[in-house]
Amino acid sequence: MAGLTYEPIATTTLGSDSSSVTFSSISGAYTDLVMIANHKWASGTRVSLCMQFNNDTSTASYSDVGLYATGTTVSTGKETLNGYNFLGVTSDQWQLTTLNFADYANTTTKKSFLSRSNSLGTSATQNITAMVHMWSSTSAISTIKIYPLSGNFLTGSVFTLFGILGS
């Protein structure tokens with residue numbers, strides 16, 4: 001579609017370790033949203049990256065299906081979790097995650113979005129994930145909380161939310 005414009009809505013750069021990042025009071029003025037996160041977290045094991053909308057903590061509200069690649073292993077999976085499970089990576093690896101939220105302000109359909117993630121580890125620990133997610137609510141998304149299932153995002157992690165203005 002010609003004329004699409006990414007408009008920065010908010011950026012959070014962590015000045016200290018944090019257990020979550022929340023974007024709230026999101027305007028319904030855009031056609032779609034995109035979040036780009038460059039992050040890592042403190043944990044000695046693989047960690048799941050999760051998300052909640054509008055403070056909805058019901059596990060029945062969230063589901064996803066995805067393709068995961070770690071080192072030389074590829075797998076698929078479907079999950080229902082207290083938030084969306086994007087990817088597990090080893091601690092101290094930077095990860096780039098892009099999230100595309102289509103039609104987030106529509107109040108007649110359930111919300112779906114796409115995520116793509118990759119981490120910058122050694123060839124044996126690099127991770128690549130592509131997933132489709134659903135939030136089983138017809139409410140417009142006005143708050144997005146992103147968090148690791150355990151541990152904290154580390155200082156220097158950057159999260160930017162963009163609104164897409166259609167022509």
Side-chain angles (χ1 to χ4, degrees), residues 1 4-12 18-41 43 45-70 73-89 95-119 127-153 157-166:
M1 175 186 254
L4 294 179
T5 303
Y6 281 56
E7 182 175 286
I9 296 173
T11 297
T12 298
S18 179
S19 61
S20 67
V21 172
T22 300
F23 294 99
S24 59
S25 301
I26 299 169
S27 167
Y30 305 98
T31 57
D32 304 296
L33 298 174
V34 173
M35 183 190 299
I36 298 175
N38 186 15
H39 54 90
K40 67 178 174 177
W41 46 72
S43 176
T45 60
R46 298 192 181 280
V47 177
S48 298
L49 181 62
C50 301
M51 183 168 287
Q52 290 176 351
F53 300 112
N54 300 358
N55 302 311
D56 180 359
T57 60
S58 169
T59 56
S61 296
Y62 301 98
S63 61
D64 61 42
V65 62
L67 174 66
Y68 316 89
T70 304
T73 304
V74 177
S75 61
T76 60
K78 179 184 182 318
E79 300 193 36
T80 301
L81 198 73
N82 186 13
Y84 292 103
N85 181 3
F86 296 131
L87 177 65
V89 298
Q95 179 175 333
L96 180 64
T97 301
T98 304
L99 308 161
N100 297 87
F101 305 90
D103 210 13
Y104 73 100
N106 185 323
T107 58
T108 60
T109 60
K110 295 177 181 179
K111 305 304 174 284
S112 62
F113 70 98
L114 304 173
S115 68
R116 293 178 312 278
S117 300
N118 68 298
S119 64
N127 293 272
I128 300 171
T129 301
M131 299 187 79
V132 178
H133 311 271
M134 187 171 80
W135 178 43
S136 296
S137 174
T138 57
S139 297
I141 295 173
S142 61
T143 301
I144 299 172
K145 176 183 176 182
I146 187 168
Y147 60 98
L149 192 56
S150 63
N152 291 310
F153 291 120
S157 295
V158 180
F159 302 81
T160 303
L161 183 65
F162 297 91
I164 297 179
L165 297 170

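- To the nearest 0.5 Å, atoms CG (L114) and OG1 (T98) are separated by 11.0 Å.
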Which atom pairs, donor and acceptor, lie under 3.5 Å between side-chain atoms of residues 137-145 and protein residues at least two apart or in another chain?
from: S137; atom 1: OG; to: S139; atom 2: N; distance (Å): 3.1
from: S137; atom 1: OG; to: S139; atom 2: OG; distance (Å): 3.3
from: S142; atom 1: OG; to: N54; atom 2: OD1; distance (Å): 3.3

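- Under the 3.5 Å distance criterion, the side-chain polar atoms of T31 are matched with a main-chain donor or acceptor of I164.
- Residues F23 and I26 approach most closely at O-CD1, 3.8 Å, considering heavy atoms.
- If you take NZ on K110 and CG on D103, they are separated by 15.0 Å, rounding to the nearest 0.5 Å.
- Considering OG of S115 and CE of M131, their distance stands at 6.0 Å, rounded to 0.5 Å.
- A pairwise comparison of heavy atoms in Q52 and Y62 identifies CA-OH, 3.5 Å as the closest pair.
- Between S18 and N152, every side-chain heavy-atom pair lies at or beyond the 4.5 Å cut-off.
- Checked by atom type and distance alone, the side chain of Y104 pairs as donor or acceptor with a backbone atom of Y30 at under 3.5 Å.
- Not one N or O on the side chain of N100 forms a donor-acceptor pair closer than 3.5 Å with the backbone of V34.
- Taking both residues in full, the closest heavy atoms of Y147 and S19 are given as CB-O, 3.3 Å, listed atom of the first, atom of the second, then distance.
- Ring geometry for F153 against H39 counts as perpendicular: the plane angle is over 60°, on a 0 to 90° scale with 30° as the lower cut.
- Contact detail for L165 and A29: the closest heavy-atom pair is CD2-O, 4.2 Å.
- Going from atom CD1 of I146 over to atom CE of M51 covers 4.0 Å, rounded to the nearest 0.5 Å.
- The distance from the CZ atom of F162 to the CG atom of L33 is 11.5 Å, given to the nearest 0.5 Å.
- In this structure, Y6 OH and D32 CG are separated by 8.5 Å, a value rounded to the nearest 0.5 Å.
- Using a distance-only test at 3.5 Å, with no hydrogens or angles considered, no donor-acceptor pair links the side chain of K111 to the main chain of A105.
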